[in-house]
Amino acid sequence: MLTMPLANGIDNILVSIYGLEVFDMGELGVGFMYGALGIGLILSSFFSHLMKRGLLTLAIIFIALEGTGHILLSLAPSFYAALFTVVLITFAGGLGNICLDTVMMKFIPRSKQGTFFGLMQMISNLSLAISMGTAGFLLEIFAPRTLSLIIGLAYLVFTIMYALLFARVDLVKEKREFIRSI
(Lines give C-alpha, C1' and ligand atoms only; values in the text may rest on other atoms or scores of the structure.)
Protein backbone atom coordinates (compact mmCIF):
# COMPACT_ATOMS: atom_id res chain seq x y z
CA MET A 1 0.00 0.00 0.00
CA LEU A 2 2.97 2.29 0.40
CA THR A 3 5.15 1.43 -2.58
CA MET A 4 2.71 0.45 -5.31
CA PRO A 5 1.18 3.97 -5.62
CA LEU A 6 4.62 5.21 -6.63
CA ALA A 7 4.28 3.27 -9.88
CA ASN A 8 0.48 3.68 -10.12
CA GLY A 9 0.72 7.48 -10.20
CA ILE A 10 2.98 7.34 -13.23
CA ASP A 11 0.53 4.83 -14.79
CA ASN A 12 -2.29 7.35 -14.44
CA ILE A 13 -0.35 10.01 -16.30
CA LEU A 14 0.84 7.56 -18.96
CA VAL A 15 -2.74 6.54 -19.75
CA SER A 16 -3.49 10.12 -20.81
CA ILE A 17 -0.24 10.42 -22.75
CA TYR A 18 -0.89 7.15 -24.62
CA GLY A 19 -4.34 8.37 -25.65
CA LEU A 20 -3.23 11.88 -26.61
CA GLU A 21 0.30 11.60 -27.95
CA VAL A 22 1.40 8.02 -28.56
CA PHE A 23 -1.71 7.00 -30.53
CA ASP A 24 -2.91 10.53 -31.39
CA MET A 25 -6.51 9.74 -30.44
CA GLY A 26 -7.23 13.04 -28.69
CA GLU A 27 -9.58 13.38 -25.76
CA LEU A 28 -11.66 10.45 -26.96
CA GLY A 29 -8.55 8.27 -26.73
CA VAL A 30 -7.96 9.42 -23.16
CA GLY A 31 -11.56 8.58 -22.32
CA PHE A 32 -11.24 5.11 -23.80
CA MET A 33 -7.97 4.53 -21.93
CA TYR A 34 -9.57 5.49 -18.60
CA GLY A 35 -12.57 3.36 -19.50
CA ALA A 36 -10.19 0.43 -19.99
CA LEU A 37 -8.77 1.12 -16.52
CA GLY A 38 -12.26 0.95 -15.05
CA ILE A 39 -13.19 -2.21 -16.93
CA GLY A 40 -10.12 -4.03 -15.60
CA LEU A 41 -10.91 -3.05 -12.02
CA ILE A 42 -14.57 -4.01 -12.35
CA LEU A 43 -13.66 -7.38 -13.86
CA SER A 44 -11.22 -8.09 -11.04
CA SER A 45 -13.98 -7.69 -8.47
CA PHE A 46 -16.02 -10.42 -10.20
CA PHE A 47 -13.17 -12.91 -9.76
CA SER A 48 -12.28 -12.02 -6.16
CA HIS A 49 -14.48 -14.77 -4.68
CA LEU A 50 -12.30 -17.42 -6.35
CA MET A 51 -9.24 -16.52 -4.28
CA LYS A 52 -9.32 -18.25 -0.94
CA ARG A 53 -5.81 -19.57 -0.20
CA GLY A 54 -2.26 -18.53 -0.90
CA LEU A 55 -3.23 -14.88 -1.05
CA LEU A 56 0.30 -13.54 -0.59
CA THR A 57 1.61 -15.78 -3.35
CA LEU A 58 -1.24 -14.70 -5.60
CA ALA A 59 -0.56 -11.03 -4.80
CA ILE A 60 3.05 -11.48 -5.88
CA ILE A 61 1.97 -13.19 -9.11
CA PHE A 62 -0.52 -10.40 -9.89
CA ILE A 63 2.09 -7.69 -9.26
CA ALA A 64 4.42 -9.51 -11.66
CA LEU A 65 1.61 -9.71 -14.23
CA GLU A 66 0.93 -6.01 -13.79
CA GLY A 67 4.60 -5.26 -14.46
CA THR A 68 4.64 -7.55 -17.47
CA GLY A 69 1.55 -5.74 -18.73
CA HIS A 70 3.37 -2.42 -18.58
CA ILE A 71 6.24 -3.86 -20.56
CA LEU A 72 3.72 -5.11 -23.15
CA LEU A 73 2.05 -1.68 -23.16
CA SER A 74 5.37 -0.09 -24.04
CA LEU A 75 5.37 -2.34 -27.15
CA ALA A 76 1.66 -2.05 -28.08
CA PRO A 77 1.43 -1.75 -31.87
CA SER A 78 -2.04 -0.18 -31.95
CA PHE A 79 -4.49 1.77 -29.84
CA TYR A 80 -6.75 -1.27 -29.51
CA ALA A 81 -3.86 -3.45 -28.33
CA ALA A 82 -3.04 -0.74 -25.78
CA LEU A 83 -6.66 -0.71 -24.55
CA PHE A 84 -6.67 -4.48 -24.12
CA THR A 85 -3.32 -4.32 -22.31
CA VAL A 86 -4.61 -1.62 -19.95
CA VAL A 87 -7.60 -3.84 -19.10
CA LEU A 88 -5.21 -6.70 -18.31
CA ILE A 89 -2.95 -4.44 -16.22
CA THR A 90 -5.79 -3.16 -14.07
CA PHE A 91 -7.39 -6.61 -13.85
CA ALA A 92 -4.14 -8.00 -12.39
CA GLY A 93 -3.68 -4.92 -10.20
CA GLY A 94 -7.21 -5.15 -8.84
CA LEU A 95 -6.79 -8.83 -7.96
CA GLY A 96 -3.43 -8.13 -6.31
CA ASN A 97 -4.99 -5.37 -4.21
CA ILE A 98 -7.87 -7.63 -3.21
CA CYS A 99 -5.42 -10.32 -2.07
CA LEU A 100 -3.36 -7.89 0.03
CA ASP A 101 -6.42 -6.19 1.54
CA THR A 102 -7.91 -9.57 2.46
CA VAL A 103 -4.70 -10.65 4.20
CA MET A 104 -4.60 -7.39 6.14
CA MET A 105 -8.25 -7.71 7.14
CA LYS A 106 -7.56 -11.18 8.51
CA PHE A 107 -4.46 -9.97 10.33
CA ILE A 108 -5.61 -6.67 11.85
CA PRO A 109 -8.26 -6.81 14.59
CA ARG A 110 -11.61 -5.29 13.58
CA SER A 111 -11.31 -2.60 16.23
CA LYS A 112 -8.12 -1.29 14.59
CA GLN A 113 -9.08 -1.72 10.92
CA GLY A 114 -10.67 1.70 10.47
CA THR A 115 -7.66 3.54 11.82
CA PHE A 116 -5.21 1.32 9.96
CA PHE A 117 -6.91 1.46 6.57
CA GLY A 118 -7.56 5.20 6.92
CA LEU A 119 -3.88 5.84 7.62
CA MET A 120 -2.78 3.55 4.78
CA GLN A 121 -5.17 5.29 2.38
CA MET A 122 -3.81 8.68 3.38
CA ILE A 123 -0.21 7.58 2.84
CA SER A 124 -1.14 5.80 -0.38
CA ASN A 125 -2.83 8.94 -1.77
CA LEU A 126 0.18 11.06 -0.84
CA SER A 127 2.51 8.60 -2.62
CA LEU A 128 0.19 8.63 -5.62
CA ALA A 129 0.19 12.44 -5.79
CA ILE A 130 3.96 12.64 -5.51
CA SER A 131 4.46 10.06 -8.24
CA MET A 132 1.97 11.80 -10.55
CA GLY A 133 3.94 15.02 -10.15
CA THR A 134 7.16 13.11 -10.75
CA ALA A 135 5.69 11.60 -13.91
CA GLY A 136 5.50 15.03 -15.49
CA PHE A 137 9.22 15.55 -14.91
CA LEU A 138 10.09 12.04 -16.08
CA LEU A 139 8.17 12.58 -19.31
CA GLU A 140 10.50 15.50 -20.02
CA ILE A 141 13.39 13.03 -19.87
CA PHE A 142 11.91 9.79 -21.23
CA ALA A 143 9.59 9.00 -24.11
CA PRO A 144 6.21 7.60 -22.94
CA ARG A 145 6.98 4.08 -24.15
CA THR A 146 10.37 4.12 -22.42
CA LEU A 147 8.78 5.31 -19.19
CA SER A 148 6.19 2.53 -19.51
CA LEU A 149 9.00 0.02 -19.84
CA ILE A 150 10.76 1.47 -16.79
CA ILE A 151 7.53 1.25 -14.76
CA GLY A 152 7.05 -2.36 -15.85
CA LEU A 153 10.56 -3.17 -14.70
CA ALA A 154 9.91 -1.32 -11.42
CA TYR A 155 6.88 -3.55 -10.83
CA LEU A 156 9.06 -6.61 -11.39
CA VAL A 157 11.60 -5.26 -8.88
CA PHE A 158 8.73 -4.74 -6.40
CA THR A 159 7.66 -8.34 -7.10
CA ILE A 160 11.08 -9.67 -6.14
CA MET A 161 11.22 -7.42 -3.08
CA TYR A 162 7.76 -8.53 -1.91
CA ALA A 163 8.50 -12.20 -2.58
CA LEU A 164 11.62 -12.00 -0.42
CA LEU A 165 9.77 -10.17 2.36
CA PHE A 166 6.71 -12.43 2.33
CA ALA A 167 8.85 -15.57 2.33
CA ARG A 168 10.19 -14.52 5.73
CA VAL A 169 6.77 -13.90 7.32
CA ASP A 170 4.83 -16.49 9.29
CA LEU A 171 1.39 -14.87 9.34
CA VAL A 172 -0.02 -17.06 12.11
CA LYS A 173 2.90 -16.30 14.42
CA GLU A 174 2.85 -12.59 13.54
CA LYS A 175 -0.90 -12.34 14.18
CA ARG A 176 -0.53 -13.91 17.63
CA GLU A 177 2.29 -11.52 18.53
CA PHE A 178 0.37 -8.53 17.20
CA ILE A 179 -2.75 -9.39 19.21
CA ARG A 180 -0.65 -9.84 22.38
CA SER A 181 0.94 -6.43 21.89
CA ILE A 182 -2.35 -4.49 21.80
Side-chain angles (χ1 to χ4, degrees), residues 1-44 56 58-101 117-167:
M1 290 181 84
L2 303 175
T3 55
M4 291 309 291
L6 296 173
N8 289 338
I10 296 173
D11 295 349
N12 285 333
I13 299 301
L14 280 173
V15 165
S16 297
I17 298 300
Y18 269 88
L20 287 171
E21 294 178 16
V22 173
F23 294 108
D24 198 29
M25 296 293 290
E27 292 177 10
L28 186 61
V30 173
F32 278 119
M33 292 297 276
Y34 277 101
L37 281 172
I39 289 169
L41 290 172
I42 290 168
L43 287 175
S44 68
L56 288 178
L58 286 172
I60 290 167
I61 291 167
F62 290 129
I63 294 168
L65 289 173
E66 205 173 349
T68 303
H70 282 285
I71 293 169
L72 293 174
L73 181 61
S74 74
L75 303 169
S78 70
F79 182 69
Y80 299 108
L83 287 175
F84 181 72
T85 305
V86 169
V87 170
L88 292 177
I89 289 168
T90 55
F91 178 73
L95 289 174
N97 288 339
I98 289 167
C99 289
L100 292 173
D101 286 348
F117 282 107
L119 178 64
M120 288 296 102
Q121 194 63 43
M122 180 191 69
I123 293 170
S124 177
N125 286 339
L126 177 63
S127 296
L128 186 69
I130 290 169
S131 74
M132 288 177 83
T134 304
F137 292 112
L138 291 174
L139 284 167
E140 294 295 322
I141 299 168
F142 300 106
R145 288 184 184 267
T146 304
L147 188 54
S148 227
L149 176 65
I150 292 168
I151 292 306
L153 295 172
Y155 272 97
L156 296 179
V157 168
F158 285 152
T159 301
I160 293 166
M161 184 177 78
Y162 296 145
L164 293 172
L165 288 172
F166 293 157

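Quantities reported herein were computed from a predicted structural model and do not represent experimental measurements.
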Measure the [atom1]-[atom2] distance between [X] and [Y] for me, rounded to the nearest 0.5 Å.
| X | Y | atom1 | atom2 | value |
| --- | --- | --- | --- | --- |
| Phe166 | Leu56 | CZ | CG | 5.0 Å |
| Leu138 | Ile150 | CG | CD1 | 7.5 Å |
| Leu165 | Met161 | CG | CE | 6.0 Å |
| Thr90 | Glu66 | OG1 | CD | 8.5 Å |

Kindly check if the number of other-residue, nucleotide or ligand heavy atoms within 6.0 Å of CZ (Phe79) is above 12?
yes
Tell me, yes or no, whether the heavy-atom count around Tyr80 atom OH, taken from other residues, nucleotides or ligands under 6.0 Å, exceeds 12.
no
Return a table of donor-acceptor pairs under 3.5 angstrom between the side chains of residues 28-41 and protein atoms on other chains or two or more places apart.
| unit_1 | atom_1 | unit_2 | atom_2 | d |
| --- | --- | --- | --- | --- |
| Tyr34 | OH | Asn12 | O | 2.8 |
| Tyr34 | OH | Ser16 | OG | 3.2 |

So do [Y] and [X] actually touch side chain to side chain, heavy atoms under 4.5 Å?
| X | Y | answer |
| --- | --- | --- |
| Thr85 | Ile89 | yes |
| Val157 | Leu153 | no |
| Thr159 | Ile61 | no |
| Tyr155 | Ile71 | no |

Can you give me the closest heavy-atom contact between [X] and [Y], atom names plus distance?
| X | Y | value |
| --- | --- | --- |
| Cys99 | Leu58 | SG-CB, 3.8 Å |
| Leu65 | Ala92 | CB-CB, 4.0 Å |
| Ser131 | Gly9 | OG-CA, 3.0 Å |
| Pro77 | Ala81 | CD-CB, 3.8 Å |

Report all side-chain donor-acceptor pairs from residues 139-149 shorter than 3.5 Å, counting only partners two or more places apart or in another chain.
| unit_1 | atom_1 | unit_2 | atom_2 | d |
| --- | --- | --- | --- | --- |
| Arg145 | NH1 | Ser74 | O | 3.0 |
| Arg145 | NH1 | Ala76 | O | 3.0 |
| Arg145 | NH2 | Ala76 | O | 2.9 |
| Ser148 | OG | Tyr18 | OH | 3.2 |

